[in-house]
Amino acid sequence: MKILSIETSCDETAISIVSVKGSKEKAIFKVLSDITISQIDIHKEYGGVFPALAKREHSKNLMPILKKSLLNAKLSKKLKKQKDLDKNTRRKLSKILEREPEILEDLINLYSQIQKPDIDIIAVTNGPGLEPALWVGVNFAKALALLWDIKIVPNNHMEGHLFSAFIKGNNFKIKREDFKLPAISLLISGGHTDIYLIKDFRKYKRIGGTRDDAVGESYDKVARMLGLPYPGGPAISKLALEERNNQREDKYSFPRPMINTPDFEFSFSGLKTSVLYTIQRIKKINAKEKRGIAYSFEQSVRDVLMKKLEKAIYKYNARMVIFGGGVTANRFLATEFEKLPEITNQKDLKVFVPNPKSSTDNALMIAVAGYFKSFDKLPKNFKAEGNLELK
Ligand code: KG4
Ligand code: ZN
């Protein structure tokens, strides 16, 4: 079976095509194409993602990526004779792509020139994320599903992030029995800091999360205060690493908000404010001070995340911890997470952290999530939902 997946929830436009062999319980994935176009350079100027711009870029990028993906996967067989689109389908298609008129003609052209690609499922992210951005992907997926009469599967972006921990290279296996339950999952990205309890395969119970800023968001905000480019995660972690290889002095000892509360709640806005006051006090900040601040900030983040994880592992007798989201691209944090079996003295605890490439937004993770979701009872229709919950 082949799956085409589409991801447009934030500032990456991504499409992947995978071939899958298996069942509901286990599957072998082979990546045929995996393309991500990042809009980072466009949003950099604004110091964050600008939703209207993201939407425009997604609609500009999707058709070229689709064509390239079909070529990569060798699913782009030219027709000898052009075929026409009947009036009725054209009318329905124009309705779906009402807000993305630039895609419409280009898509009809493609349809008239190539054979129906050998694709069984279209998986698309329908939330959570920036709603205008999500809609572009959702409408595009619906248009393709209509044109080629292919089954469509809506996906939760966060479930995608969770599955990304199991993506290894271009050929990988995912088995239901790999999930040692109960499991804990920590998903940390630009928009999310959520901790889940998983007692049954693909059943999620949110046990806590941030009350204000997400971890990635606090990296981005602190970076901005230090005059570093968006997204802030890579820039801050680079500076922090320099300090770690150097003095390793937690000179600023920023607060560890909510570290000792008995729940699994987080708060990062106080940490960010504390960094801001420090920067304001220094006035003209030099490179050494920037390194020190980045380091101290990252130590605070580390301590809070690790403490809550430890607590969750003990409380729920977790046998496994699954990480996901852009912030897990941070190698320091990833290494710390991998120490959890030792720290909690649970030698059999399994820890899954995605490879850096799979950490940030991509479409491959949506293909994987879409495969397992395709066995569920699916809704007849669906919409983009900015606040879609993972359950
Ligand atoms: O998952 P993602 O690509 O998009 C969202 O769904 O939000 O995550 C992006 C976030 C940004 O806030 C970015 O600063 C953060 O992930 N990030 C990092 C690192 N690389 C990306 N944070 C810390 N360290 C990194 N190396
Ligand atoms: Zn994401």
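Just so you know, ligand 1 is whichever comes first in the structure, and atom 1 is the first atom listed for that ligand.
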Protein N/O near ligand 1 N/O, under 3.5 Å, which pairs?
| unit_1 | atom_1 | unit_2 | atom_2 | d |
| --- | --- | --- | --- | --- |
| ligand 1 | 1 (O) | His161 | NE2 | 3.1 |
| ligand 1 | 1 (O) | Gly326 | N | 3.0 |
| ligand 1 | 1 (O) | Asp361 | OD1 | 3.1 |
| ligand 1 | 3 (O) | Asp361 | N | 3.1 |
| ligand 1 | 3 (O) | Asp361 | OD1 | 3.4 |
| ligand 1 | 4 (O) | Asp361 | OD1 | 3.3 |
| ligand 1 | 4 (O) | Asp361 | OD2 | 3.2 |
| ligand 1 | 6 (O) | His157 | NE2 | 3.4 |
| ligand 1 | 6 (O) | Asp361 | OD1 | 3.3 |
| ligand 1 | 6 (O) | Asp361 | OD2 | 3.4 |
| ligand 1 | 7 (O) | Gly190 | N | 2.8 |
| ligand 1 | 7 (O) | Gly191 | N | 3.4 |
| ligand 1 | 12 (O) | Gly216 | O | 3.2 |
| ligand 1 | 12 (O) | Asp220 | OD1 | 3.4 |
| ligand 1 | 12 (O) | Asp220 | OD2 | 2.8 |
| ligand 1 | 14 (O) | Asp220 | OD1 | 2.7 |
| ligand 1 | 14 (O) | Gly233 | N | 3.0 |
| ligand 1 | 24 (N) | Asn330 | ND2 | 3.1 |

Using 0.5 Å steps for rounding, measure from the CG atom of Leu107 to the CD atom of Glu100. 11.5 Å
Decide if the gap between the ring center of [X] and the ring center of [Y] is smaller than 6.0 angstrom.
X	Y	answer
Phe297	Tyr252	no
Phe166	Phe352	yes
Tyr371	Phe163	no

Looking at Glu217 and Lys221, does any basic side-chain N land under 4.0 Å from a carboxylate oxygen?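 Salt bridge between Glu217 and Lys221, a charged N being under 4.0 Å from a carboxylate O: yes.
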One thing to verify: whether Lys180 and Asp348 come together as a salt bridge, which I'm taking to mean a side-chain N less than 4.0 angstrom from a carboxylate O.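 Salt bridge: no.
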Taking atom CD of Gln115 as the centre, report whether more than 12 heavy atoms of other residues, nucleotides or ligands fall under 6.0 Å from it.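 Atom CD in Gln115 is crowded, with more than 12 foreign heavy atoms closer than 6.0 Å.
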Under 2.8 Å from the Zn ion (ligand 2), which protein N, O or S atoms are there? Could you list them by chain and number? His157 NE2, His161 NE2, Asp361 OD1
Decide whether Thr344 and Glu310 meet the rule of one side-chain donor and one side-chain acceptor closer than 3.5 Å.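 No - no donor-acceptor pair under 3.5 Å links their side chains.
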Can you label the angle between the Tyr204 ring and the Tyr196 ring as parallel, tilted or perpendicular, going by 30° and 60°? perpendicular
